[in-house]
Protein chains: 2
Amino acid sequence: MDHEWNDSQPIYRQLRDRVVAMILDGVLKEGDPLPSVRTVAADYRVNPLTVLKGYQQLVDEGLVESRRGLGMFVNAGARSMLLQGERQKFLGEEWPRICATIQRLGLKPEELLEADAGRQPSSDSAKEEG
Amino acid sequence: MDHEWNDSQPIYRQLRDRVVAMILDGVLKEGDPLPSVRTVAADYRVNPLTVLKGYQQLVDEGLVESRRGLGMFVNAGARSMLLQGERQKFLGEEWPRICATIQRLGLKPEELLEADAGRQPSSDSAKEEG
DNA sequence: CATACTGTTATAGTTAACTATAACACTAGC
DNA sequence: GCTAGTGTTATAGTTAACTATAACAGTATG
């Protein structure tokens, strides 16, 4: 696994975001178990409590259910909840700031497209949401 | 002044970013004095040490010069330094993550443009905001 | 000198994030 | 019951961010 932490955000939130990304990408489907707290802690060389804190956030958001002795599982409807909530958050809070930055830096569409090129080879429609 | 802090980033870094934005926007020109540490601390209801920390970051970056007893001043060449450095940082670190998020959320160009509309009357008609 | 601005340092306390270590609680399989 | 997986809680310590309060240091004005 690739684990580099962004110092502009606490680890437990980055962990939360990674799981969210996995759910949105379909890597984790509804009903699937999340990688266990201890496993993640070991793989990422992070304290189990830090992982738990990230996971608890997901529980609080109603995206994940915890079953003692079994594991943490993606709830039904988690993906559509995320598509709705994260979209709103992104468009309402992040995107405006991003646009302001782009304009401030005088970045042109070509530069942005070029920087993005190579990140994703194809533009297939793997996920069609309703 | 409008001062609301983003909890996803320490205040001193947000202060640093605001000054950077002011320099890029031309609100602060080279040679201009920054609003004084104490003034900002009072206006934003923040500890003077927090403001100083943000300002010191700018000094460390060579964007600003501190003159004891006089104030902090925007260095010559600060703006072009910023245009170069911030562009690189944005395109290299932030933009890829942003593109990944946009794709994950399945956001379409129209939605992004619409969300951005009204933020800045770039070159079009005048806005009728009171 | 005194006054009134500037930046800067010192001291000390709170909170959040992260860590190490250990134990407790539950489930499944043998 | 034992073992080996799960999640969870307890205890305690470090560091970074922020705070309050005060003092020190320099510049300009009168």
Side-chain angles (χ1 to χ4, degrees), chain A residues 1 3-20 22-23 28-75 78, chain B residues 1 3-20 22-23 28-75 78:
Chain A
M1 286 201 201
H3 28 316
E4 274 163 24
W5 302 115
N6 189 338
D7 70 331
S8 77
Q9 196 110 349
I11 292 176
Y12 75 93
R13 257 195 253 179
Q14 295 181 52
L15 280 165
R16 178 265 179 199
D17 288 343
R18 291 205 193 193
V19 175
V20 164
M22 286 197 282
I23 293 174
L28 280 178
K29 297 192 202 322
E30 321 199 329
D32 281 359
L34 270 58
S36 91
V37 169
R38 283 177 175 84
T39 303
V40 174
D43 285 355
Y44 289 60
R45 280 175 208 159
V46 156
N47 194 287
L49 289 183
T50 304
V51 180
L52 184 63
K53 191 167 181 180
Y55 277 17
Q56 283 294 4
Q57 198 132 100
L58 295 163
V59 174
D60 294 343
E61 292 178 71
L63 296 165
V64 155
E65 193 189 359
S66 167
R67 283 189 240 155
R68 207 183 187 123
L70 291 175
M72 318 258 298
F73 300 83
V74 180
N75 273 340
Chain B
M1 287 201 198
H3 24 307
E4 274 163 23
W5 302 115
N6 188 340
D7 70 332
S8 78
Q9 196 110 350
I11 293 175
Y12 75 93
R13 257 195 252 179
Q14 295 181 52
L15 280 166
R16 178 263 179 201
D17 288 344
R18 291 207 192 191
V19 176
V20 164
M22 285 198 282
I23 294 174
L28 281 177
K29 297 191 201 322
E30 320 200 329
D32 282 358
L34 271 59
S36 91
V37 169
R38 283 177 175 85
T39 303
V40 174
D43 284 356
Y44 288 61
R45 280 176 209 159
V46 157
N47 194 288
L49 290 183
T50 304
V51 180
L52 185 63
K53 190 167 182 179
Y55 277 16
Q56 283 294 3
Q57 198 133 100
L58 294 163
V59 174
D60 294 344
E61 292 177 72
L63 296 165
V64 156
E65 193 189 359
S66 168
R67 283 188 241 154
R68 205 183 189 123
L70 292 174
M72 317 260 297
F73 300 84
V74 179
N75 272 339

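Every chain is numbered from 1 and lettered A, B, ... according to where its sequence line falls, protein lines coming before strand lines.
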Minimal non-hydrogen separation, A/Asp17 against A/Gln9, with atom names: OD2-NE2, 4.3 Å

Face-on cation placement of A/Arg18 at A/Trp5 ring, 6.0 Å and 45° thresholds: yes

Atom-pair distance (CG on A/Asp7; P on D/dT15), nearest Å: 18 Å

Contact residues, residues 50-58 of chain A to DNA chain D [heavy atom, < 4.0 Å]: A/Leu52, A/Gln56

Nucleotide D/dA17, atom P - distance to CZ of B/Arg16 in whole Å: 15 Å

Spacing of B/Leu15 atom CG relative to D/dA17 atom C1', expressed in whole Å: 13 Å

Nearest listed nucleotide, side chain of A/Leu49, among C/dT9, D/dA10, C/dG7: D/dA10

Any donor-acceptor N/O pair, A/Asn75 side chain to A/Gly62 backbone, under 3.5 Å: yes

Any donor-acceptor N/O pair, B/Gln57 side chain to B/Arg13 backbone, under 3.5 Å: no

A/Met72 CE to D/dT8 C1', straight-line distance once rounded to whole Å: 11 Å

Value in whole Å for how far the P atom of D/dA17 lies from CG of B/Asn6: 15 Å

Listed partners of B/Thr50 passing side chain to side chain donor-acceptor pair (under 3.5 Å), at least two apart: none

B/Asp43 (side chain) donor-acceptor with B/Val40 (main chain) under 3.5 angstrom: no

d(CH2, A/Trp5; C1', C/dA17) in whole Å: 13 Å

Donor-acceptor under 3.5 Å (B/Glu65 side chain, B/Val59 main chain): no

Of A/Arg67 and B/Val46, the one whose closest DNA chain D nucleotide lies more 5': A/Arg67

Pairwise side-chain contact, B/Leu58 with B/Leu34, heavy-atom cut-off 4.5 Å (strictly under): yes

Base-contact (B) and sugar-phosphate-only (S) positions in nucleotides 24-30 of chain D, heavy-atom cut-off under 4.0 Å, - elsewhere: -BBS---

B/Tyr12 side-chain N/O to D/dC18 phosphate OP1/OP2 under 4.0 Å: no

C/dT8 phosphate, OP1 or OP2, under 4.0 Å from B/Ser66 side-chain N/O: yes

Side chains of B/Tyr55 and B/Ser36 in contact at under 4.5 Å (non-hydrogen atoms): no

Short side-chain N/O contact from B/Thr39 to OP1 or OP2 of C/dT6, under 4.0 Å: yes

Nearest-angstrom distance from the residue atom CG of B/Asn47 to P of C/dG13: 16 Å

Separation of D/dA17 C1' from B/Gln14 CD (nearest whole Å): 12 Å

